[in-house]
Every structure is written in structure tokens, then in C-alpha cells.
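Remarks on the structure that follows.
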Amino acid sequence: MGSGGHFNPAVSLAVFLCGKMRAITAILYIICQLAGGILGALLTRGVLSSADYDSIHGGSTFLHANYSWHNGLLAEILTTFFLVHTVLLTAIDETKWHAALSIGLTVTVDILSIGHITGAAMNPARAFGPCVLWQIIDGGNGVAGFWEYHFMYWLGPAVGAFLAAALYR
């Protein structure tokens with residue numbers, strides 16, 4: 001199996017769980033995806049001015065103050081489920097002309113639905129890279145619960161991927 005454009009460890013996990021990727025391949029993909037998250041954060045830092053970078057907290061994801069961790073976790077589970085299930089149905093079995101549109105629209109709806117709660121990561125690598133770099137550059141200052149609730153961005157997508165793979169199979 002070729003790369004298939006896996007940028008998300010949750011997608012790689014689901015593809016593995018569906019028997020379409022070997023375990024060692026999934027592990028290597030996830031390591032590379034996490035490194036890609038850090039590289040993407042570095043590129044973001046390189047493009048933005050210090051003021052702009054600081055104003056968006058380095059692009060890091062965090063739980064909005066008006067919500068509790070279980071709201072954020074459930075939001076990440078549901079949106080990752082929708083995303084991964086869409087990927088499995090449209091892009092994994094066979095290439096379909098509408099896969100990119102279906103996946104893009106799902107991501108858009110997911111972001112509009114929960115962006116104000118968790119930042120709508122749906123992807124541990126997307127959450128990890130900016131948070132690591134923001135921690136290095138600024139120590140995570142200015143964001144309450146910066147690492148305290150980071151587990152949501154790992155557990156939520158993992159559970160969402162498991163549910164999507166179970167339904168797919």
C-alpha cells in the first residue's frame with residue numbers, strides 16, 4: 001500500500017485496525033506524522049511575525065475555558081470518528097473522485113462544530129507539533145491548561161479511530 005496521504009495518526013491507526021496496513025508500517029507512519037507536526041509548527045513560526053505567532057499561541061490547540069475536559073474529549077472523539085469514517089469509506093477501499101471533497105467537507109464541518117471548544121485537532125500530530133514548539137519558544141505561557149488537557153488530542157482521536165474502524169469492518 002502506498003502512502004495514501006496519511007497525515008493523521010488516527011487515520012493510520014484505523015487503516016491498521018482494518019487490516020490494510022502492517023503494524024510496523026503504522027508505527028513508522030505515526031512517528032513521521034509527529035515529526036511532520038513539529039516541522040509544520042516550525043514552518044509556521046518561520047512565516048509569521050513574533051506578534052502574530054504569539055497571538056495564536058503558536059497554533060497550539062487547547063481547551064476553551066468555558067468547557068470541561070469531558071466536553072473536549074467527546075468533541076474530539078465524535079469529530080475524529082466522522083473524519084476517519086469518511087476517509088475509510090471514500091479513500092481507503094478504492095480511489096473515488098469525490099474522496100477529497102468528502103474529506104474536505106467533513107473537516108470543515110468538524111472545525112465549525114467544535115473549533116471553539118478544542119481547536120478541532122482531530123489529529124494528534126496537528127496538536128502535538130505546535131504545542132511542543134510553543135512550549136520550547138514561550139514555555140506555554142498565557143494558556144491555562146496548556147498540557148493539562150493535552151490527553152484529549154490523543155485519546156479522542158484514538159477512540160474515534162477505533163469506533164470508525166469497528167463500524168467500517
Side-chain angles (χ1 to χ4, degrees), residues 6-17 23 26-88 103-104 106-167:
H6 289 231
F7 301 106
N8 186 337
V11 171
S12 297
L13 175 62
V15 172
F16 164 72
L17 292 171
I27 290 167
L28 292 172
Y29 268 44
I30 291 169
I31 291 168
C32 290
Q33 291 159 345
L34 293 172
I38 294 170
L39 180 60
L42 281 168
L43 291 171
T44 300
R45 177 61 193 105
V47 169
L48 296 178
S49 69
S50 291
D52 287 344
Y53 183 78
D54 290 346
S55 74
I56 63 165
H57 306 293
S60 58
T61 52
F62 51 91
L63 182 64
H64 189 277
N66 292 338
Y67 294 92
S68 66
W69 68 266
H70 62 278
N71 300 124
L73 179 61
L74 183 59
E76 288 291 328
I77 290 170
L78 290 173
T79 54
T80 304
F81 166 79
F82 292 135
L83 172 61
V84 173
H85 192 56
T86 300
V87 170
L88 292 173
I103 294 165
T106 301
V107 168
T108 301
V109 169
D110 285 356
I111 291 169
L112 292 173
S113 299
I114 71 159
H116 66 287
I117 301 171
T118 64
M122 302 168 282
N123 179 340
R126 187 268 176 258
F128 179 72
C131 286
V132 166
L133 194 61
W134 180 252
Q135 180 69 44
I136 291 168
I137 291 175
D138 195 47
N141 293 329
V143 180
F146 186 72
W147 286 110
E148 182 180 359
Y149 301 114
H150 196 74
F151 73 91
M152 295 181 315
Y153 302 107
W154 294 83
L155 183 58
V159 172
F162 274 102
L163 292 173
L167 183 60

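- Taking the side chain as every heavy atom from C-beta outward, Asn8 and Arg126 never approach each other to under 4.5 Å.
- The side-chain hydrogen bond (donor to acceptor under 3.5 Å, both in side chains) pairs that include a residue from residues 30-47 are Ser12-Gln33, Arg45-Ser50, where partners are two or more places apart or lie in different chains.
- Counting only heavy atoms from C-beta outward, the side chains of Thr79 and Val109 never approach each other to under 4.5 Å.
- Looking at every heavy atom in both residues, Ala127 comes nearest to Ala121 through CB-CB, 4.1 Å.
- When each of Val159, Leu155, Leu78, Thr118 is checked for a side-chain contact (heavy atoms from CB on, under 4.5 Å) with Leu73, only Leu155 meets the rule.
- Of all heavy-atom pairs spanning Trp154 and Phe128, the tightest one is CZ2-CD1, 3.7 Å.
- The two residues Ala14 and Val84 have their closest heavy-atom pair at CB-CG1, 3.3 Å.
- Within the 4.5 Å cutoff, side-chain heavy atoms of Ile103 are placed close to those of Leu83.
- Of all non-hydrogen atoms in Asp110 and Ala120, the two that sit nearest each other are O-CB, 4.1 Å.
- Here the closest heavy-atom approach between residue Ala164 and residue Phe81 is recorded as N-CD1, 3.5 Å.
- Between Phe16 and Ile30 there is no side-chain heavy-atom pair separated by less than 4.5 Å.
- Using a 4.5 Å heavy-atom threshold, the side chains of Ile137 and Tyr53 count as touching.
- Inter-residue side-chain proximity for Met122 and Phe82 is flagged as unmet; no heavy-atom pair is nearer than 4.5 Å.
- Counting heavy atoms of neighbouring residues, nucleotides and ligands inside a 6.0 Å radius, atom CZ of Phe7 does not exceed 12 of them.
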